[in-house]
Undergrad: 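Following this message is one structure expressed as structure tokens.
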Amino acid sequence: MGQNIVYERISFEAFYELRLKRDSPYKAQHLFGVAQDHAAGVFSGTDGVIEQITGQPPMGLEEFIRKHRAAFE
């Protein structure tokens, strides 16, 4: 608690370089690929699995952040 977190958009390459300083090359490469796929909309589709398991429809990333905004401030 009490830590200030600031969002700053950076390039995929800068993200990869930062991850290399903190993680193994394999994890950095994986996260780099996931970030690219997320930006390209690969994860944008939904199916009925989440609702079948939880009884609630899935929510998108933006909706989740809005709903839980206090956790990000």
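Just so you know, these numbers come straight off a predicted model, no measurement behind them. Positions are given from 1, in the same order as the sequence printed here.
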Undergrad: Is there any salt bridge (Lys or Arg N to Asp or Glu O under 4.0 Å) pair reaching into residues 2-13, and which pairs are they, with sequence neighbours excluded?
TA: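 Qualifying pairs, neighbours excluded: none.
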Undergrad: Just jot down the side chain to side chain contact (heavy atoms under 4.5 Å, CB included) partners of Y16, sequence neighbours excluded, or say none.
TA: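 Applying side chain to side chain contact (heavy atoms under 4.5 Å, CB included) to Y16 gives L20, A28, Q29, F32.
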Undergrad: May I have the list of side-chain donor-acceptor pairs in residues 49-62 shorter than 3.5 Å, sequence neighbours left out?
TA:
| unit_1 | atom_1 | unit_2 | atom_2 | d |
| --- | --- | --- | --- | --- |
| T54 | OG1 | I50 | O | 2.8 |
| T54 | OG1 | Q56 | N | 3.1 |
| T54 | OG1 | Q56 | O | 3.1 |

Undergrad: With F15, which residues qualify under side chain to side chain contact (heavy atoms under 4.5 Å, CB included), at least two apart?
TA: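 Here the qualifying residues are I10, R19, L31, A35.
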Undergrad: Could you check, using the six-membered ring where one of them is a Trp, whether H68 and F64 have ring centers closer than 6.0 angstrom?
TA: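 Yes, they do, as the ring centres are separated by less than 6.0 Å.
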Undergrad: Which pairs count as ring pair (Phe, Tyr, Trp, His ring centres under 6.0 Å) when at least one residue sits in residues 43-62, sequence neighbours excluded?
TA: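 For residues 43-62, and leaving out neighbouring residues, there are no ring pair (Phe, Tyr, Trp, His ring centres under 6.0 Å) pairs at all.
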Undergrad: Could you tell me which residues satisfy salt bridge (charged side-chain N to carboxylate O under 4.0 Å, His left out) with R22, sequence neighbours excluded, listed by chain and number?
TA: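 Residues passing salt bridge (charged side-chain N to carboxylate O under 4.0 Å, His left out) with R22: none at all.
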Undergrad: Keeping to residues at least two apart or across chains, list the salt bridge (Lys or Arg N to Asp or Glu O under 4.0 Å) pairs with something in residues 31-47.
TA: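 As it turns out, there is no salt bridge (Lys or Arg N to Asp or Glu O under 4.0 Å) pair with a partner in residues 31-47 once direct neighbours are skipped.
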